[in-house]
**Student:** 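I have a structure here, written as structure tokens, and I will follow up with some questions on it.
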Amino acid sequence: MMAISKMRKFVIGSLGAMVLLAGAGVASAQGKLGAAAPVTYTNKWEGYLGFTLNNFQAGQNLTSHMNLGGIEVEGTRWLNQRWGVAADGRMDAGTTPVTPNPYDNARVLVYRETFMGGVQMRGPRNQYAALGLQALAGASHGTFSQGPNVAPELVGLYTDRTKPMFSLGGNVDVNLSARMAIRLAPAIILEHYGNETREWFGLSGGVVYRFGQKTHR
């Protein structure tokens with residue numbers, strides 16, 4: 001729990017710093033280029049496409065961590081200007097070191113397919129940027145059996161399995177126009193691939209596109 005608390009403080013601090021930098025940068029750009037079209041946040045739908053980076057441990061007793069990089073696709077249905085429901089899909093992959101073994105395997109490819117759903121909350125916002133929070137829950141399927149002709153458990157990896165996964169984090173959207181924004185989203189990723197729940201830091205960045213009928217204010 002202490003680790004989660006520290007990571008939560010880091011995520012909140014990162015979001016605060018990003019908002020300050022985004023507001024200053026965009027305000028400066030607007031001063032040079034002229035005012036953008038008004039951003040009203042009255043869209044009904046929102047789509048997001050981004051790249052992800054997460055750290056992870058691919059076996060219960062491995063001593064080394066690994067990095068996973070991938071892609072994220074998310075859709076949000078805004079119920080009003082503050083609350084929305086989201087569906088999220090991610091695919092990421094990377095190579096991990098394994099335990100010493102006689103099979104000539106030093107690193108093995110690992111990849112995950114994750115599907116989650118949850119809620120979005122849009123917080124402070126203005127013409128230039130918006131700050132939001134997000135809570136997602138779902139399942140992640142991990143493939144650990146990519147070593148040549150070697151069962152993953154023989155080199156310290158999990159077996160192929162589907163397990164619960166949660167993402168708790170936030171995002172800052174820097175507006176390019178009323179419809180488009182650049183998003184940066186840090187999060188705490190909770191997974192239960194092994195015998196305990198473990199928490200990891202995740203980061204996503206990409207493009208937001210807003211569309212649809214206006215919602216009620």
Side-chain angles (χ1 to χ4, degrees), residues 1-15 48 50-74 85-121 132-171 184-205:
M1 295 301 294
M2 184 176 296
I4 295 177
S5 178
K6 290 181 180 178
M7 295 183 75
R8 185 185 299 114
K9 291 179 181 179
F10 178 77
V11 169
I12 294 173
S14 298
L15 285 168
Y48 171 69
F51 295 99
T52 63
L53 181 64
N54 302 269
N55 60 346
F56 183 57
Q57 188 169 329
Q60 181 69 35
N61 299 313
L62 287 180
T63 58
S64 299
H65 295 171
M66 64 174 296
N67 292 317
L68 292 163
I71 190 169
E72 176 181 5
V73 178
E74 184 177 276
V85 292
D88 185 281
R90 310 178 187 192
M91 295 184 65
D92 49 20
T95 61
T96 179
V98 296
T99 57
N101 62 84
Y103 308 108
D104 295 325
N105 282 347
R107 299 187 72 89
V108 173
L109 175 67
V110 168
Y111 63 89
R112 301 184 308 190
E113 300 167 291
T114 305
F115 299 93
M116 296 183 287
V119 296
Q120 293 254 41
M121 188 193 78
L133 296 175
Q134 182 185 75
L136 301 173
S140 180
H141 179 76
T143 300
F144 305 92
S145 56
Q146 296 302 297
N149 301 317
V150 177
E153 60 269 26
L154 296 180
V155 291
L157 301 178
Y158 296 127
T159 56
D160 296 354
R161 58 188 64 184
T162 301
K163 292 292 182 176
M165 183 169 284
F166 305 88
S167 176
L168 306 173
N171 56 70
L184 191 60
I188 300 168
I189 307 296
L190 304 173
E191 52 86 4
H192 199 88
Y193 272 99
N195 300 328
E196 60 190 3
T197 298
R198 293 183 174 180
E199 62 275 355
W200 308 98
F201 177 70
L203 185 65
S204 178

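This one's a predicted model, so the numbers in the text were calculated from it and none came from an experiment.
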**Student:** Please assess Asn67 against Asn54 for the test side chain to side chain contact (heavy atoms under 4.5 Å, CB included), listing each intermediate value before the final yes or no.
**Tutor:** CA-CA 6 Å; Asn67 292 317; Asn54 302 269; over 6 Å; no
**Student:** Can you list the residues that meet the side chain to side chain donor-acceptor pair (under 3.5 Å) rule with Tyr158, with sequence neighbours excluded?
**Tutor:**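 Listed in chain order: nothing, the list is empty.
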**Student:** Can you sort out the partners of Thr52 under side chain to side chain donor-acceptor pair (under 3.5 Å), two or more places apart, ordered by chain and number?
**Tutor:** none
**Student:** Can you tell me how far OG1 of Thr143 sits from CD of Glu113, rounded to the nearest 0.5 angstrom?
**Tutor:**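 Between Glu113 CD and Thr143 OG1, I get 6.0 Å after rounding to 0.5 Å.
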**Student:** Per the salt bridge (Lys or Arg N to Asp or Glu O under 4.0 Å) rule, what does the pair list look like for residues 155-164, sequence neighbours excluded?
**Tutor:**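 As it turns out, there is no salt bridge (Lys or Arg N to Asp or Glu O under 4.0 Å) pair with a partner in residues 155-164 once direct neighbours are skipped.
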**Student:** Which residue in the set Val110, Leu109, Val155 passes side chain to side chain contact (heavy atoms under 4.5 Å, CB included) when paired with Phe144?
**Tutor:** Val110
**Student:** Name all residues meeting the side-chain contact (heavy atoms from CB on, under 4.5 Å) criterion together with Ala139; count only those two or more places apart in sequence or in a different chain, and write none if there are none.
**Tutor:** Thr162
**Student:** Which value, rounded to the nearest 0.5 Å, describes the distance between Gln120 atom CD and Asp88 atom CG?
**Tutor:** 8.5 Å
**Student:** Before you tell me yes or no, could you show the steps for Ser140 and Tyr193 under side chain to side chain contact (heavy atoms under 4.5 Å, CB included), namely the whole-Å CA-CA distance, both residues' side-chain angles and the distance that decides it to 0.1 Å?
**Tutor:** CA-CA 9 Å; Ser140 180; Tyr193 272 99; 2.7 Å; yes
**Student:** Could you tell me whether a side-chain N or O of Gln60 sits under 3.5 Å from a main-chain N or O of Asn195, the two making a donor and an acceptor?
**Tutor:** yes
**Student:** For Phe166, enumerate each residue passing the side-chain contact (heavy atoms from CB on, under 4.5 Å) test, keeping only those at least two apart in sequence or located in another chain.
**Tutor:** Ala137, Pro164, Leu190
**Student:** Which distance, rounded to the nearest 0.5 Å, do you find between the CG of Leu157 and the OG1 of Thr99?
**Tutor:** 7.5 Å
**Student:** Do Leu203 and Leu184 have side-chain heavy atoms sitting under 4.5 Å apart?
**Tutor:** yes
**Student:** To the nearest 0.5 Å, what is the distance between OG (Ser204) and CG (Leu53)?
**Tutor:**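 The OG atom of Ser204 sits 10.0 Å away from the CG atom of Leu53.
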**Student:** With sequence neighbours excluded, tell me which residues meet side-chain contact (heavy atoms from CB on, under 4.5 Å) with Ala87.
**Tutor:** none
**Student:** Check ring-ring contact (aromatic ring centres under 6.0 Å, His included) between His65 and all other residues, then give those that pass, not counting sequence neighbours.
**Tutor:**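 Listed in chain order: Trp200.
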**Student:** If we count only N and O atoms by modelled type, under 3.5 Å, do the side chains of Glu191 and Gln57 hold a donor and an acceptor together?
**Tutor:** no
**Student:** Do any pairs count as a salt bridge (Lys or Arg N to Asp or Glu O under 4.0 Å) and have a residue in residues 54-72, sequence neighbours left out, and if so which ones?
**Tutor:** Glu72-Arg90
**Student:** Among all residues two or more places apart in sequence or in another chain, which pass the salt bridge (charged side-chain N to carboxylate O under 4.0 Å, His left out) test with Arg112?
**Tutor:** Asp92
**Student:** Just grab all the salt bridge (Lys or Arg N to Asp or Glu O under 4.0 Å) pairs involving residues 51-70, residues at least two apart or on different chains.
**Tutor:** none
**Student:** To the nearest 0.5 angstrom, please state how far the CG atom of Leu68 sits from the OG1 atom of Thr96.
**Tutor:** 8.5 Å
**Student:** Give the C-alpha distance, both sets of side-chain angles, the deciding distance and a yes or no for side chain to side chain contact (heavy atoms under 4.5 Å, CB included) between Tyr111 and Gln146.
**Tutor:** CA-CA 9 Å; Tyr111 63 89; Gln146 296 302 297; 4.1 Å; yes
**Student:** NE2/His141 to CE/Met165 distance, rounded to the nearest 0.5 angstrom?
**Tutor:** 12.0 Å
**Student:** Residues in salt bridge (charged side-chain N to carboxylate O under 4.0 Å, His left out) with Arg107, at least two apart?
**Tutor:** none
**Student:** For Ala151, which residues count as a side-chain contact (heavy atoms from CB on, under 4.5 Å) partner, sequence neighbours excluded?
**Tutor:**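 Checked Ala151 against side-chain contact (heavy atoms from CB on, under 4.5 Å); matches are Glu153, Leu154.
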